[in-house]
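Here is the structure we will look at.
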2 protein chains.
Amino acid sequence: MVNKTELDGFLNFLQKIQSFSPEAVDSIVGLCSLISIRKNQNLQEIGQKCRTIYFVKEGLARIFYLKDGNEVTEYFAFENDLIIRAESLFTGKPSKKAIQALENTVFIGIPSDALFELFDTKPEIERLFRKIIEQAYVATVLRMEAIQFHAAEERYALLLSEKPNLIQQIPLKHIASYLGITQVSLSRIRASIR
Amino acid sequence: MVNKTELDGFLNFLQKIQSFSPEAVDSIVGLCSLISIRKNQNLQEIGQKCRTIYFVKEGLARIFYLKDGNEVTEYFAFENDLIIRAESLFTGKPSKKAIQALENTVFIGIPSDALFELFDTKPEIERLFRKIIEQAYVATVLRMEAIQFHAAEERYALLLSEKPNLIQQIPLKHIASYLGITQVSLSRIRASIR
DNA sequence: CTTATCCTTTTACAAATGTTAAATAATCAA
DNA sequence: TTGATTATTTAACATTTGTAAAAGGATAAG
């Protein structure tokens, strides 16, 4: 059983999206567990079905997958970010993606089956979750636009302005694949703007 | 008031996602209206807030926006596809995107405010809508992967295999911008695989 | 401290895509 | 049908990005 004060950041994150009752809080708290993962270790491996919704309590993580043998980073999760592998969670198929801690990281995990069961008795929790998905959807649409219609250099500049301390924390090779370019290309971009 | 038989295709589409009660059907039917738009006319202009969820009953449409004065196609909607401008609908901001009929097209429109009100009394409709958003989210994640990690030629081949009659129906310049490349580049790709 | 490993940059060259302009081809309206 | 407009292809050249290999830095383990 997780101490509720451990979940303050998470509950605060949720309440900002959609306020919900003390009973709903208790229901959610009852499903939460804490998972500590050391730097560079995987929380979830490629090929596992995703049956858990994760939240980064402390630390830093990424989602990545393999393309022609190379790791491709799809998403960075900072403190107080959710990690949801939607293509597995909502389809039931095994995920092609892994979740890796980029620093020693503490995750909060919620089993999706138990959460979805709560929806039947607590519409406010279903609503909360709907809004979370809406936000994630909008973020993905915007990211798609960025990838498709901004040059790599613009994308790097944009990323730097959004997350200025990214390059201190994350190896550039991960940032390159996140931007959809090679490490060499990112190096050139960095040299050109110096 | 729209005749319910006019909505058969739409209701069938919804029931496949999540079955729901006759009362829910009536609630939804009560919100629907039909809108006919002639070929090359816009259903929604750039800059309007998106307060409506659309469905293509007959015809063909696209979502596009302007990037450096050029039209960029973000999405094609065929018969029995939804059209949702998520970045406006879920944020309340004016949309940077327009909806245009590529043929004479009949849309079904549902005002989002009224739909969201239904959620308070009919959880099954909120659940239906949640699942719709989940599906759209997954589709967008998969499309993002395709854009980021397949070469333009692969993307064109993939699009052709998914929608073989696309090139008969849609000007290649729209397809080019949908693929994230120039018209010239698409022409070269087409020439190279002939 | 030293070695081994991993990360990042640089170089040289190849391939893909963009830009501009011109030439065809197709479509639409008078 | 004709002329005007729009769509598509082609050409020539510029730019961007990829690939492969080497070199220099940084980091971690012994």
Side-chain angles (χ1 to χ4, degrees), chain A residues 38-42 60 62 64 66-73 76 98 100-104 144-160 165-194, chain B residues 37-42 60 62 64 66-73 76 100-104 144-160 165-194:
Chain A
R38 299 196 71 77
K39 180 172 179 172
N40 295 328
Q41 298 303 109
N42 289 352
L60 176 60
R62 66 170 180 140
F64 74 92
L66 295 176
K67 159 87 178 168
D68 302 332
N70 299 311
E71 290 185 3
V72 171
T73 298
F76 293 115
Q100 181 184 46
L102 294 175
E103 297 172 358
N104 293 342
M144 196 174 69
E145 284 173 39
I147 286 176
Q148 194 161 12
F149 304 113
H150 294 288
E153 185 170 331
E154 291 177 82
R155 279 159 19 221
Y156 179 66
L158 192 67
L159 186 63
L160 273 193
N165 48 359
L166 198 77
I167 41 173
Q168 277 81 49
Q169 296 180 80
I170 297 179
L172 288 170
K173 62 176 181 176
H174 295 341
I175 295 174
S177 75
Y178 179 79
L179 292 172
I181 57 180
T182 61
Q183 206 171 333
V184 175
S185 194
L186 178 57
S187 229
R188 273 192 291 242
I189 287 168
R190 285 163 53 79
S192 77
I193 63 180
R194 231 184 293 131
Chain B
I37 302 287
R38 299 197 70 77
K39 180 172 179 172
N40 294 329
Q41 297 302 110
N42 288 353
L60 176 60
R62 67 172 181 140
F64 74 93
L66 294 176
K67 158 89 178 168
D68 302 333
N70 300 311
E71 290 185 3
V72 170
T73 297
F76 294 114
Q100 181 185 45
L102 293 175
E103 298 172 357
N104 293 342
M144 195 172 71
E145 283 173 39
I147 287 175
Q148 193 160 11
F149 305 111
H150 294 288
E153 185 171 330
E154 292 176 83
R155 289 178 345 242
Y156 178 66
L158 193 67
L159 185 64
L160 273 193
N165 47 0
L166 198 78
I167 43 174
Q168 277 81 48
Q169 298 179 78
I170 297 179
L172 288 170
K173 63 176 180 177
H174 295 341
I175 295 174
S177 75
Y178 178 80
L179 292 173
I181 55 180
T182 61
Q183 206 171 332
V184 175
S185 195
L186 177 57
S187 232
R188 274 192 290 242
I189 287 169
R190 285 163 53 79
S192 77
I193 63 179
R194 230 184 294 131

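First the proteins, then the strands, lettered A, B, ... as listed; each starts at 1.
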Heavy-atom donor-acceptor pair, [X] side chain to [Y] backbone, under 3.5 Å:
X         : Y         : result
Asn104(B) : Lys39(B)  : yes
Ser177(A) : Thr73(A)  : yes
Ser192(B) : Ile189(B) : yes

First-last contacting nucleotides on DNA chain C - partner chain A, under 4.0 angstrom, heavy atom: dC7(C) to dA12(C)

Heavy-atom check, side chain of Phe76(A) versus side chain of His174(A), under 4.5 Å: yes

Side-chain heavy-atom pair Arg190(A), Ile167(A) within 4.5 angstrom cut-off: yes

Please tabulate the protein-to-nucleotide N/O contacts below 3.5 Å involving nucleotides 7-10 of chain D, giving atom names and distances.
{"unit_1": "dA7(D)", "atom_1": "OP1", "unit_2": "Lys173(B)", "atom_2": "NZ", "d": "3.1"}
{"unit_1": "dA7(D)", "atom_1": "OP2", "unit_2": "Lys173(B)", "atom_2": "NZ", "d": "2.7"}
{"unit_1": "dT8(D)", "atom_1": "OP1", "unit_2": "Leu172(B)", "atom_2": "N", "d": "3.1"}
{"unit_1": "dT8(D)", "atom_1": "OP2", "unit_2": "Leu172(B)", "atom_2": "N", "d": "3.0"}
{"unit_1": "dT8(D)", "atom_1": "OP2", "unit_2": "Lys173(B)", "atom_2": "N", "d": "3.3"}
{"unit_1": "dT9(D)", "atom_1": "OP1", "unit_2": "Arg190(B)", "atom_2": "NE", "d": "3.2"}
{"unit_1": "dT9(D)", "atom_1": "OP1", "unit_2": "Arg190(B)", "atom_2": "NH2", "d": "3.1"}
{"unit_1": "dT9(D)", "atom_1": "OP2", "unit_2": "Ser187(B)", "atom_2": "OG", "d": "2.7"}
{"unit_1": "dT9(D)", "atom_1": "O5'", "unit_2": "Ser187(B)", "atom_2": "OG", "d": "3.0"}

Length of the CG-P vector between Asn70(A) and dG18(D), whole Å: 12 Å

Distances under 3.5 Å only, N/O to N/O: pair up the protein atoms with those of nucleotides 26-30 of chain D.
none

Global bending angle along the helix from dC1(C)-dG30(D) to dA30(C)-dT1(D), which compares the axes of five pairs at either end, to 10 degrees: 50°

Set of residues satisfying side-chain contact (heavy atoms from CB on, under 4.5 Å) with respect to Asn165(A), sequence neighbours excluded: Gln168(A), Gln169(A)

Value rounded to 0.5 Å, distance of CD1 in Ile181(A) from CD in Glu153(A): 9.5 Å

By side chain to side chain donor-acceptor pair (under 3.5 Å) - contacts of Asn42(A) (at least two apart): Glu45(A)

